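Only one structure is covered here, and it is reproduced in the block below.
The basis for the numbers below is simple: all heavy atoms, side chains too, and nothing from hydrogens, waters or symmetry mates. Computed from a predicted model, the values in this text were never measured in an experiment.
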Amino acid sequence: MTYLVRSLVLFFLLYPCGTAIADDYPNRPVTMIVPFSAGGPGDVIARILGNAMSATLKQSIVIENVVGAGGTLGTNRVAKSAPDGYTLLLMHVGQATAPALYAKLPFDPVGDFATIGLVTDVPMILVARPNFPAKDLSEMIARIRSEGDKMTFGNVGLGSASQLCGLMFMNTTDTKLSQIYYKGGGPALNDVIAGHIDIYCDPATGPTPYIQSKTIKGYAITSKTRVATLPDVPTSAEAGVPEFNVTTWYGLYAPRGTPKPVVDHLVGALQTALKDSALISRFAELSMAPVEPERATPDALEAFLRSEIGKWARIIKAAGIEPQ
């Protein structure tokens with residue numbers, strides 16, 4: 001008997017009426033699992049979102065960081081959890097890249113989850129060490145091409161947003177950089193500041209304060225328009241590379257089999273949270289914004305996830321990265 005069948009049998013034995021659950025849901029705290037370390041972008045977003053959603057759910061949302069294997073450990077935890085609405089997953093674009101990066105996943109990124117909705121598209125920012133000798137992105141690309149793979153690019157591991165951004169940058173500019181791996185965004189940013197690596201790309205939540213203080217150089221932001229917190233940093237399109245279009249989008253999920261009334265309740269709480277003025281303000285401080293209401297739905301997230309799986313499979317294959 002497969003895990004899914006066992007879960008469904010157990011669920012219906014313990015909870016014979018999904019409507020009754022929905023009527024009483026939630027009657028205890030909800031856990032939102034973030035598959036990355038505390039203090040990182042995903043963790044910050046989860047805490048802001050959880051605080052806003054708890055006001056509608058009338059229950060606290062506890063953030064649990066389950067770190068490891070490029071986010072797949074935490075994601076698998078949710079996939080194997082009881083489908084009762086009390087264990088949720090906040091996961092970024094890694095949900096779409098995992099099938100191309102891992103030869104044997106313990107879960108199906110689409111089939112093992114009930115989608116709730118998209119949360120935000122966090123733009124990426126391409127930055128460089130403070131003394132990098134290029135005044136704009138065009139000069140940076142020209143210098144990379146002239147020096148080949150002598151230039152270094154930091155990333156925080158397989159499936160990380162920084163690695164994906166680097167792959168997209170090299171793919172769209174037909175360049176090659178030497179990858180330097182780090183255990184976290186903090187150490188990578190510190191090495192950019194110190195000049196130990198040349199280039200780094202990270203969600204806007206990380207480099208923004210360092211660009212503002214001119215500790216590092218910001219060359220391009222991958223949003224459609226400039227962000228208020230970094231008015232002097234051009235978009236990738238303005239900088240001459242419109243194809244350099246990558247965001248660290250975040251979606252909210254529950255385990256597959258979660259009753260529709262419970263999912264509907266969570267969708268309502270998500271959409272209310274994304275309209276909350278405090279959440280919008282905090283997101284703006286981090287150079288991001290909530291998605292439009294029509295994207296914060298189960299159908300929109302599932303369709304987007306499927307399209308992203310196909311897109312990243314092509315990019316990862318073109319980069320010559322073999323599944324691990």
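- When each of Ile45, Thr248, Val119 is tested with Met288 by the rule side chain to side chain contact (heavy atoms under 4.5 Å, CB included), just one qualifies, namely Ile45.
- Partners of Glu243 by salt bridge (Lys or Arg N to Asp or Glu O under 4.0 Å), not counting sequence neighbours: none found.
- Contact check for Met140 versus Ile199: side-chain heavy atoms found under the 4.5 Å cut-off.
- Under the 4.5 Å side-chain heavy-atom criterion for grouping Ile, Leu, Val, Met, Phe, Trp and Tyr, Leu57 is connected to Leu49 within one hydrophobic cluster.
- There is no path of hydrophobic side-chain contacts, each under 4.5 Å, that joins Ile180 to Met170.
- Remark: Lys311 pairs with Glu308 by the salt bridge (Lys or Arg N to Asp or Glu O under 4.0 Å) rule, at least two apart or across chains.
- The side-chain heavy atoms of Pro41 and Tyr250, taken from C-beta on, include a pair separated by under 4.5 Å.
- Residues Val78 and Leu88 fail the side-chain proximity criterion, which asks for heavy atoms closer than 4.5 Å.
- Under the 3.5 Å distance criterion, with hydrogens and angles disregarded, no donor-acceptor pair is assigned to the side chains of Asp149 and Ser178.
- Judged as a ring pair (Phe, Tyr, Trp, His ring centres under 6.0 Å), and not counting sequence neighbours, Phe153 has no contacts.
- For the residue pair Val267 and Ala296, the shortest heavy atom distance occurs at CG1-O, 3.9 Å.
- Checked by atom type and distance alone, the side chain of Glu64 never pairs as donor or acceptor with a backbone atom of Val34 at under 3.5 Å.
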Item to check | Chi angles and distances behind the side chain to side chain contact (heavy atoms under 4.5 Å, CB included) call for Phe283, Thr205 | outcome: CA-CA 9 Å; Phe283 273 18; Thr205 49; over 6 Å; no

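- In this structure, Val67 and Phe36 approach most closely via the heavy-atom pair CG2-C, 3.6 Å.
- Two residues are said to be in side-chain contact when any heavy atoms from C-beta on lie closer than 4.5 Å; Leu167 and Phe169 fail this criterion.
- Judged by distance alone, with hydrogens and angles left aside, the side-chain atoms of Arg77 form no donor-acceptor pair with the main-chain N or O of Leu73 at under 3.5 Å.
- In terms of modelled atom types and a separation under 3.5 Å, the side chain of Ser146 and the main chain of Arg143 share a donor-acceptor contact.
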Next on the checklist: Asp121 vs Lys224, test: salt bridge (Lys or Arg N to Asp or Glu O under 4.0 Å). Steps then yes/no.
Outcome noted: CA-CA 11 Å; Asp121 287 310; Lys224 294 180 181 178; over 6 Å; no

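- The heavy-atom pair separating Ile211 from Gly218 by the smallest distance is CD1-CA, 4.0 Å.
- Residues passing the ring pair (Phe, Tyr, Trp, His ring centres under 6.0 Å) test with Tyr219: none are found, sequence neighbours excluded.
- Side-chain contact check for Ser223 and Thr225: no donor-acceptor pair (N or O, by modelled atom type) lies under 3.5 Å.
- At least one donor-acceptor pair under 3.5 Å links the side chain of Ser307 to the backbone N or O of Phe304.
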Checklist entry - Under the salt bridge (Lys or Arg N to Asp or Glu O under 4.0 Å) criterion, do Glu147 and Lys150 qualify, and how do the steps go? => result CA-CA 6 Å; Glu147 296 194 20; Lys150 293 179 182 177; over 6 Å; no

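- Between the Asp202 side chain and the Ser162 main chain, no donor and acceptor come within less than 3.5 Å of each other.
- A distance of 10.0 Å separates CG in Leu252 from CG in Leu118, rounded to the nearest 0.5 Å.
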Next on the checklist: Apply side chain to side chain contact (heavy atoms under 4.5 Å, CB included) to residues Ile321 and Gln163 and explain how you reach the verdict.
Outcome noted: CA-CA 11 Å; Ile321 297 175; Gln163 185 200 37; 4.0 Å; yes

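- Remark: Tyr210 OH is loosely packed, at most 12 non-hydrogen atoms of other residues, nucleotides or ligands lying under 6.0 Å away.
- One distance of note links OG1 of Thr115 with CG of Leu266; it measures 11.5 Å at 0.5 Å rounding.
- Put simply, the side chain of Lys176 never gets that close to the backbone of Ile144: no donor and acceptor are under 3.5 Å apart.
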Next on the checklist: Would Val62 and Met32 count as a side chain to side chain contact (heavy atoms under 4.5 Å, CB included) here? Give the steps.
Outcome noted: CA-CA 6 Å; Val62 179; Met32 184 184 294; over 6 Å; no

Item to check | Stepwise side chain to side chain donor-acceptor pair (under 3.5 Å) check, Thr229 with Thr208 | outcome: CA-CA 7 Å; Thr229 49; Thr208 290; 4.7 Å; no

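- A heavy-atom distance below 4.5 Å is found between the side chains of Pro259 and Val262.
- Among residue pairs with one or both ends in residues 131-140, those qualifying as side-chain hydrogen bond (donor to acceptor under 3.5 Å, both in side chains) are Arg129-Asn131, Lys135-Glu139; sequence neighbours excluded.
- Of all non-hydrogen atoms in Pro35 and Ile33, the two that sit nearest each other are CD-O, 3.9 Å.
- The CZ atom of Arg145 sits 7.0 Å away from the OG1 atom of Thr175 when rounded to the nearest 0.5 Å.
- Under the 4.5 Å side-chain criterion, counting only non-hydrogen atoms from C-beta, Met124 is not in contact with Met168.
- Grouping the Ile, Leu, Val, Met, Phe, Trp and Tyr side chains by contacts below 4.5 angstrom, directly or via other members, places Leu164 with Met91.
- Panel note: side chain Glu302, backbone Pro298; no donor-acceptor pair is recorded below 3.5 Å.
- Val44 is not connected to Val227 by any chain of hydrophobic side-chain contacts under 4.5 Å among Ile, Leu, Val, Met, Phe, Trp and Tyr, and they are in different clusters.
- In this structure, the side chain of Thr258 does not engage the main chain of Val263 through any donor-acceptor pair within 3.5 Å.
- Note: Ile48 CD1 to Leu286 CG = 5.0 Å, rounded to the nearest 0.5 Å.
- Follow the hydrophobic side-chain contacts under 4.5 Å out from Val156 and you never reach Leu90; the two are in separate clusters.
- Scanning both residues, Ala254 and Ile116, for their nearest heavy atoms gives N-CD1, 4.0 Å.
- Taking OH of Tyr200 as the reference point, atom CD1 of Ile125 lies at 11.5 Å (rounded to 0.5 Å).
- Nearest approach of Ser160 to Gly157, heavy atoms of both residues: OG-O, 2.7 Å.
- The stretch residues 105-180 participates, sequence neighbours left out, in these disulfide bond (SG atoms under 2.5 Å apart) pairs: Cys165-Cys201.
- Checked by atom type and distance alone, the side chain of Asp198 pairs as donor or acceptor with a backbone atom of Thr152 at under 3.5 Å.
- The side-chain heavy atoms of Phe113 and Gln95, taken from C-beta on, include a pair separated by under 4.5 Å.
- Of the possible polar contacts, one joining the Lys217 side chain to the Phe132 backbone as a donor-acceptor pair under 3.5 Å is found.
- Asp232 CG to Gln212 CD: the interatomic distance, rounded to the nearest 0.5 Å, is 10.5 Å.
- Looking only at side-chain heavy atoms (C-beta outward), Val93 and Thr247 stay at 4.5 Å or farther from each other.
- Ion pairing between a basic and an acidic side chain is recognised when a charged N comes within 4.0 Å of a carboxylate O; Arg256 and Asp108 show no such pairing.
- No side-chain donor from either of Tyr25 and Asn27 sits under 3.5 Å from a side-chain acceptor of the other.
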